[in-house]
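Heads up: the structure comes next, in structure tokens.
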Amino acid sequence: MPELPEVQTTVDDLNRKVRGRRIVAAWHDWPKFKAVEKAKGHTISGVRRLAKNILFHLGDSHLLLVHQKMTGHLLVGKWQIEGRKIIPLAPAELKEKVNNYIHFILTLDNGQMIGFSDLRKFGKVVFGTKEEIEDLPDLKKLGPDALAVNYRQFAERVRKRRKTIYQTLMDQTVISGIGNIYANDILWQARLSPFKLASRLTGAELKLLHRTIKPILVKAFKARGTSIDDYRDTAGKKGRYAASRLVYQREGESCRRCRATILRKKQGGRSVHYCPKCQGR
DNA sequence: TGCAGTGTTGCTTC
DNA sequence: CGAAGCAACACTGC
């Protein structure tokens with residue numbers, strides 16, 4: 001589940017590996033990814049992260065937007081394309097099952113390829129001019145980036161919400177970049193109950209929460225992200241954050257602070273993990 | 001065996 | 001307008 005640290009890892013990889021390369025061919029096997037065809041002939045002048053979106057700058061006028069949603073990840077390597085059949089060649093990691101749901105491939109002028117593996121095909125691809133992409137309603141609605149938001153902005157936006165703080169942290173229109181994994185860990189680190197209403201947080205709680213966000217995301221980025229299920233970097237390798245995670249998917253295990261048993265509950269259709277003893281009320 | 005659970009986002013409905 | 005519920009998918013685990 002790519003969130004900010006995973007998307008940033010991917011974007012940094014791509015800038016290192018494919019910046020300056022021209023796209024000489026595009027292949028896809030699913031109608032919703034057909035926009036990749038229009039990228040053919042363009043040169044990748046850079047790659048940027050916007051919230052959890054990946055923006056390929058094509059020349060100085062166009063953009064290709066890729067959202068990985070839940071199970072999507074971008075890989076750089078070589079495949080053999082035989083009609084609808086894709087055979088992974090190199091690196092060896094591409095042969096792993098999780099990397100074997102390729103639905104589009106961009107072939108570059110040096111023979112390297114960018115492949116998109118997405119088991120559930122929830123991913124999104126849009127091609128357009130800079131103006132067209134920047135005017136997409138979904139991008140316009142995004143709140144400030146979780147790494148860049150200052151305390152004043154953060155407090156003002158969070159306080160307005162009438163949902164729980166857990167749901168508010170994951171709401172991309174409030175601040176962008178945080179999903180379920182890091183929302184869980186951030187709330188645990190700040191000793192805040194996920195069920196507390198955002199509008200009821202005190203100034204001190206908001207301050208604590210705000211200054212907890214960045215260190216958790218940075219720590220995850222340094223570990224190259226979380227790979228509990230599908231996420232892989234562009235070499236097809238796992239991130240290491242899962243091993244040091246604080247509460248996410250630790251139901252039934254003991255709290256790293258107080259040894260109480262970690263619980264899991266449903267909140268707005270998602271699983272929130274928390275310590276009932278040291279995360280307030 | 002079959003069906004609920006998984007989690008991001010957009011659309012529909014109220 | 002905000003919030004809840006569902007759909008987009010396919011595989012895993014009970």
Side-chain angles (χ1 to χ4, degrees), chain A residues 1-10 28-35 49-55 65-74 84 86 96-104 116-126 133 135-143 145-146 156-187 194-200 217 220 225-232 239 241-242 245 247-252 263-274:
Chain A
M1 299 117 252
E3 304 179 30
L4 187 152
E6 292 78 22
V7 178
Q8 191 65 52
T9 299
T10 298
H28 68 91
D29 72 345
W30 194 250
K32 98 197 252 201
F33 299 132
K34 67 175 186 292
R49 179 182 66 80
L50 182 64
K52 301 178 195 170
N53 298 277
I54 294 168
L55 295 176
L65 176 152
V66 177
H67 196 300
Q68 311 178 97
K69 295 287 180 89
M70 294 196 46
T71 58
H73 51 279
L74 287 164
R84 295 181 68 85
I86 294 299
E96 286 171 27
K97 195 176 172 189
V98 70
N99 296 323
N100 239 323
Y101 301 90
I102 301 293
H103 294 296
F104 74 73
F116 183 64
S117 177
D118 187 4
L119 183 146
R120 291 174 74 176
K121 300 183 200 138
F122 282 9
K124 183 168 92 170
V125 179
V126 188
I133 299 294
D135 280 347
L136 291 174
D138 317 342
L139 297 194
K140 288 196 135 170
K141 282 188 300 194
L142 289 171
D145 194 82
E156 192 182 311
R157 300 178 76 90
V158 168
R159 261 198 296 251
K160 275 194 251 176
R161 293 288 144 164
R162 277 187 282 169
K163 294 191 280 189
T164 63
I165 187 58
Y166 167 65
Q167 292 169 305
T168 302
L169 273 184
M170 288 193 295
D171 185 336
Q172 304 300 298
T173 69
V174 179
I175 58 164
S176 61
I178 297 173
N180 203 19
I181 298 169
Y182 302 114
N184 275 270
D185 276 14
I186 288 163
L187 288 167
F195 308 109
K196 191 155 188 168
L197 287 177
S199 55
R200 292 276 180 81
L217 295 177
T226 304
S227 296
I228 293 174
D229 294 310
D230 302 86
Y231 174 74
R232 296 294 184 272
Y241 183 80
R245 69 191 190 275
V247 268
Y248 180 71
Q249 284 200 0
R250 298 192 69 241
E251 185 190 17
L263 300 182
R264 178 171 67 118
K265 280 209 173 117
K266 276 281 170 201
Q267 173 79 351
R270 344 272 277 249
S271 289
V272 55
H273 307 74
Y274 66 103

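Order of the sequence lines sets the chain letters (A, B, ...), proteins ahead of strands, with each chain counted from 1. The basis for the numbers below is simple: all heavy atoms, side chains too, and nothing from hydrogens, waters or symmetry mates. Worth saying up front: this structure is predicted, and the values here are computed from it rather than measured.
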Quiz item: Should the heavy atoms of other residues, nucleotides or ligands under 6.0 Å from NZ of A:K34 be counted, would the total exceed 12?
Solution: no
Exercise. Would you grab the first and last nucleotide of DNA chain C (5' to 3') that comes under 4.0 Å of any non-hydrogen atom in chain A?
Key: C:dA3 to C:dT12
Quiz prompt | 5'-most by nearest nucleotide on DNA chain C - A:Y101 or A:M70 | solution = A:M70
Quiz prompt | Under the ring-ring contact (aromatic ring centres under 6.0 Å, His included) test, residues paired with A:F116 that sit two or more places apart | solution = A:F33, A:F104
Quiz item: Considering all heavy atoms of both residues, which atom of A:P2 and which atom of A:V7 are nearest to each other, and what is their separation?
Solution: CB-CG2, 4.1 Å
Listed pairs, N/O of protein and of nucleotides 10-14 of chain B, under 3.5 Å:
residue: B:dG10; atom: OP1; partner: A:D138; partner atom: OD2; Å: 2.7

Self-check item: Residue closer to the 5' end of DNA chain B, A:I178 versus A:K266 (nearest nucleotide)
Solution: A:K266
Quiz item: Base, sugar-phosphate, or nothing for A:E3, non-hydrogen atoms under 4.0 angstrom?
Solution: sugar-phosphate
Quiz item: With distance as the sole criterion, is a donor-acceptor pair present between the side chains of A:S117 and A:N99 under 3.5 Å?
Solution: no
Practice problem: For the residue pair A:Y241 and A:D185, confirm or rule out a side-chain donor-acceptor distance under 3.5 Å. | Solution: yes
Quiz item: Over how many whole Å does the gap from A:Q172 atom CD to B:dG7 atom C1' extend?
Solution: 12 Å
Exercise. Name the nucleic acid region contacted by A:K52, choosing base, sugar-phosphate or nothing; use a 4.0 angstrom heavy-atom cut-off, strictly under.
Key: sugar-phosphate
Quiz item: For A:E96, what residues pass the side-chain hydrogen bond (donor to acceptor under 3.5 Å, both in side chains) criterion, not counting sequence neighbours?
Solution: none
Quiz item: What nucleic acid atoms does A:T71 come within less than 4.0 Å of, heavy atoms only: base, sugar-phosphate, or nothing?
Solution: nothing
Quiz item: Does OP1 or OP2 of B:dG7 have a side-chain N or O of A:Y182 closer than 4.0 Å?
Solution: no
Self-check item: Integer angstrom distance from the P of C:dA8 to that of B:dG2
Solution: 23 Å
Quiz item: For the ring pair A:F195 and A:Y274, is the centre-to-centre distance below 6.0 Å?
Solution: yes
Practice problem: Classify the nucleic acid contact of A:Y231 as base, sugar-phosphate or nothing, counting any heavy atom under 4.0 Å across all strands shown. | Solution: nothing
Quiz prompt | Whole-Å P distance, C:dC11 and B:dT9 | solution = 22 Å
Quiz item: Is there a donor-acceptor contact under 3.5 Å linking the side chains of A:Y231 and A:T9?
Solution: no
Exercise. Give a yes/no answer on whether the side chain of A:H67 brings an N or O atom under 4.0 Å of OP1 or OP2 in B:dT9.
Key: yes
Quiz item: In whole angstroms, how far is the C1' atom of B:dT8 from the CG atom of A:L142?
Solution: 13 Å
Quiz prompt | Closest non-hydrogen atom pair, A:E3 against A:G177 | solution = CB-O, 3.7 Å
Quiz item: Do A:R270 side-chain atoms and A:G179 backbone N/O form a donor-acceptor pair below 3.5 Å?
Solution: no
Practice problem: Give a yes-or-no answer on whether the side chains of A:H103 and A:D29 include a donor-acceptor pair shorter than 3.5 Å. | Solution: yes
Quiz item: What interatomic distance, in whole Å, is found between P of C:dC9 and the corresponding atom of B:dT1?
Solution: 26 Å
Self-check item: Secondary-structure string, 5' to 3', Watson-Crick or G-U under 3.5 Å, | for another-strand partners, for DNA chain B
Solution: .|||||.|||||||
Quiz item: Of the non-hydrogen atoms in A:S271 and A:N180, which two are nearest, and what is the gap between them?
Solution: O-ND2, 3.1 Å
Practice problem: Give me the one residue out of A:Q267, A:K196, A:R200 that meets side chain to side chain donor-acceptor pair (under 3.5 Å) with A:T164. | Solution: A:Q267
Quiz item: Given atom CG of A:N53 and atom C1' of B:dT9, what is their separation to the nearest angstrom?
Solution: 10 Å
Quiz item: Hey, can you pull the residues of residues 157-168 of chain A with a non-hydrogen atom under 4.0 angstrom from DNA chain B?
Solution: none
Quiz item: Which pair of heavy atoms, one from A:T168 and one from A:K163, lies closest together, and at what distance?
Solution: OG1-O, 3.8 Å
